[in-house]
Protein chains: 2
Amino acid sequence: MPDPALINSARDFNRFYTNFLGVLNKAYLNTPFTLTDARVLFEVGSRGRVSAVALAKDLQLDPAYLSRILKRFRSDSLIETKADPTDLRSQVITVTDEGGRQFEELGRRSNAQLAERFQRLSDAEQRHVVSAMNTIRARLDPEVKSAPAIIRAHRPGDIGWIIQSQSKAYTEEYGWDMRFEGLVAEVAGRFLTNFDAAKECCWMAESGGINIGSVLIADGGDGIAKLRLLYVDKAARGLGLGRTLVDECIHFAEAKGYRQISLWTNDILHAARAIYIGRGFRLVSEERHRMFGPEENGQTWVLDI
Amino acid sequence: MPDPALINSARDFNRFYTNFLGVLNKAYLNTPFTLTDARVLFEVGSRGRVSAVALAKDLQLDPAYLSRILKRFRSDSLIETKADPTDLRSQVITVTDEGGRQFEELGRRSNAQLAERFQRLSDAEQRHVVSAMNTIRARLDPEVKSAPAIIRAHRPGDIGWIIQSQSKAYTEEYGWDMRFEGLVAEVAGRFLTNFDAAKECCWMAESGGINIGSVLIADGGDGIAKLRLLYVDKAARGLGLGRTLVDECIHFAEAKGYRQISLWTNDILHAARAIYIGRGFRLVSEERHRMFGPEENGQTWVLDI
DNA sequence: GCAATTGATTGACTGAGTCAATTAAATTCA
DNA sequence: TGAATTTAATTGACTCAGTCAATCAATTGC
């Protein structure tokens, strides 16, 4: 269940944006068109050739209603329709020259309205607003398929993200207390302050500019690489991302001449354990502990390379 | 003239969001109400007592139309109206118990719809979306009444947020390198692992479910309270939040019987320094250092209490 | 104290949007 | 292959959201 405060903010935003869009006025942008007319004309004008079904589906319009709108557009010679040769039931809709002109005029007015509203913002603010819009859309529009995950080196703020995400997730899922967050922060902090680029690395998985996973290799001395803070965000689990991150670590450890990778985990983290087993790690020790509240089974795994 | 590419993205977003809002369906949220009905009921329900003019103005409704809606609401006993004693032409509108119930039901459904859409997102994504909404609104809504900031105790993940935000901000603004993030993480981590609720505390400032600031008091021993990790997010600066957070610390230190508050900062952080000076802190030592890359002037300030 | 303004309501429309039924083409599957 | 089912488009028939002008009553301005 999402945080009610978040939902509330979102509702506030929706109320504001309903107003902002000016959806409620009958005459859209001072044109002879209604909002629905405009949406239809826009869709036809920008896609070139569409069928009525596709239009009805995308714009969520009643087919009967759409049919009437198209009929009117036809009699105003804004569009032309002819039967689709591959399916004679279906009509292919195209804009006429006049329709194209109207479509462009609509675009100009819409642009002008937005430009007027953007004008009072600085350039930086404008970009900020648009990137926020992209953020929202990428998350809420099912059509926009999530951007592919990429693995990259860490940047400022990433370590904080790791701490935040892990502690939040494991608190929620396993009831661990804040000592866990403290441990993660200390481990991550030491990693950063003593960072040795020649022997150590931190990888972040991100998708569409948003972090979704992480792992790091720290030098444990004595030819041992410590694999730490493997984490994959809830929303991105089941895609093999954890495996990819671990493989990244193994390759790195090989390349840097480590003789062994060692890691500490808790057996309750089944997905992670499955990855380690799959990559040939072997369990060398385990102990019951209550470091984070509930009793857990801490385990040390190693992989010789 | 704004960048056409930005305008275009914004238009894309608007088209998407028009759909997303579901403004276009007659039966709003499967209730017997239209969107306009719902907006009216919402406004009346949440404001308590309104006049019809005010309602018409805020919702941009035709008075005739509004009058009819109110008449219907009255005959369905959702609202009651009586003449305003100070202006007998004007009607004061209030919701009845039944109206209140309907108003709440509407709220529940609206929440449920949003919750359902948010559910498929990770917690981080939800926060990201809402903070993007706030960004847009803060820029485009002329009456920015941003949600009031509240100060609360920290929760799991907050410490990670502190580390992430601080390191990101100071890297961008002053070019500090990742050793800063490392230091913050270690400090924060130690605070959590040795946390003593009787002598220590961490406060988070949040607005609309989004973290916007933080500060903490750690026990430095010897009657000295260490004030640490004071931070206010860029978007929330200039509102006196930093001062409020510091005051919170001072009260806490007094209540817990500390004799002195001590803190370490860098003189480049002007806003913070101004707060310390304003609250009577005095500078006791300073030293040039290159702990985070660029040369900075580290300072220790104390306040006797 | 009279003219102009303002809040609320009503009459009289219009046309956006809905629902069910119909036709014709395409698909499914025994 | 052909009967049953599904799908694309249209039409009939209707409703009711939303508009515009006119009216009435209370208030304000000069």
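Per chain, numbering begins at 1; letters A, B, ... match sequence-line order. The figures here come from the full heavy-atom set of this structure, side chains too, leaving out hydrogens, waters and symmetry mates.
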Find the distance L66(B):CG to dA17(D):P and express it as a whole number of Å. 14 Å

Heavy atoms from C-beta onward define the side chain here; which of dA13(D), dA16(C), dA8(D) lies closest to that of R72(A)? dA16(C)

Does Y17(A) have R137(B) sitting over its ring (NZ/CZ under 6.0 Å from centre, angle to axis within 45°)? no

Please report, rounded to the nearest Å, how far the P atom of dA8(D) is from the CG atom of D58(A). 13 Å

Return the value, rounded to whole Å, for the distance between atom CD1 of I69(B) and atom C1' of dT9(C). 14 Å

Go through the N and O atoms of the side chain of R68(A) and the base of dG15(C), and report whether any donor-acceptor pair is under 3.5 Å. no

Examine dT9(C): is either OP1 or OP2 under 4.0 Å from a nitrogen or oxygen in the side chain of R74(B)? Give yes or no. yes

Distance below 4.0 Å between K71(B) side-chain N/O and dT10(C) OP1 or OP2: yes

Classify the nucleic acid contact of A64(B) as base, sugar-phosphate or nothing, counting any heavy atom under 4.0 Å across all strands shown. base

For R11(A) and S110(B): C-alpha separation, side-chain torsions, deciding distance, then whether side chain to side chain donor-acceptor pair (under 3.5 Å) applies. CA-CA 8 Å; R11(A) 275 185 70 197; S110(B) 176; 3.0 Å; yes

Can you tell whether the side chains of D76(A) and K71(A) come within less than 4.0 Å, N to carboxylate O? no

Of the options dA9(D), dA16(C), dA8(C), whose atoms approach the side-chain atoms of S51(A) most closely? dA9(D)

Please determine if a side-chain N or O atom of S90(A) lies less than 4.0 Å away from the OP1 or OP2 oxygen of dA9(D). yes

What pairs of nitrogen or oxygen atoms, one from the protein and one from nucleotides 26-29 of chain C, lie under 3.5 Å apart?
residue : atom : partner : partner atom : Å
dA26(C) : OP1  : L88(A)  : N            : 2.9

Round to the nearest Å and state the distance from L59(A) atom CG to dT18(C) atom P. 13 Å

Check for a donor-acceptor pair, side chain of Q126(B) on one end and backbone N or O of F118(B) on the other, with a separation under 3.5 Å. yes

Residue list, side-chain contact (heavy atoms from CB on, under 4.5 Å) with S51(B), at least two apart or on another chain: V53(B), A54(B), S90(B)

Does NZ or CZ of R68(B) come closer than 6.0 Å to the centre of the six-membered ring of F73(B), within 45° of the ring's axis? no

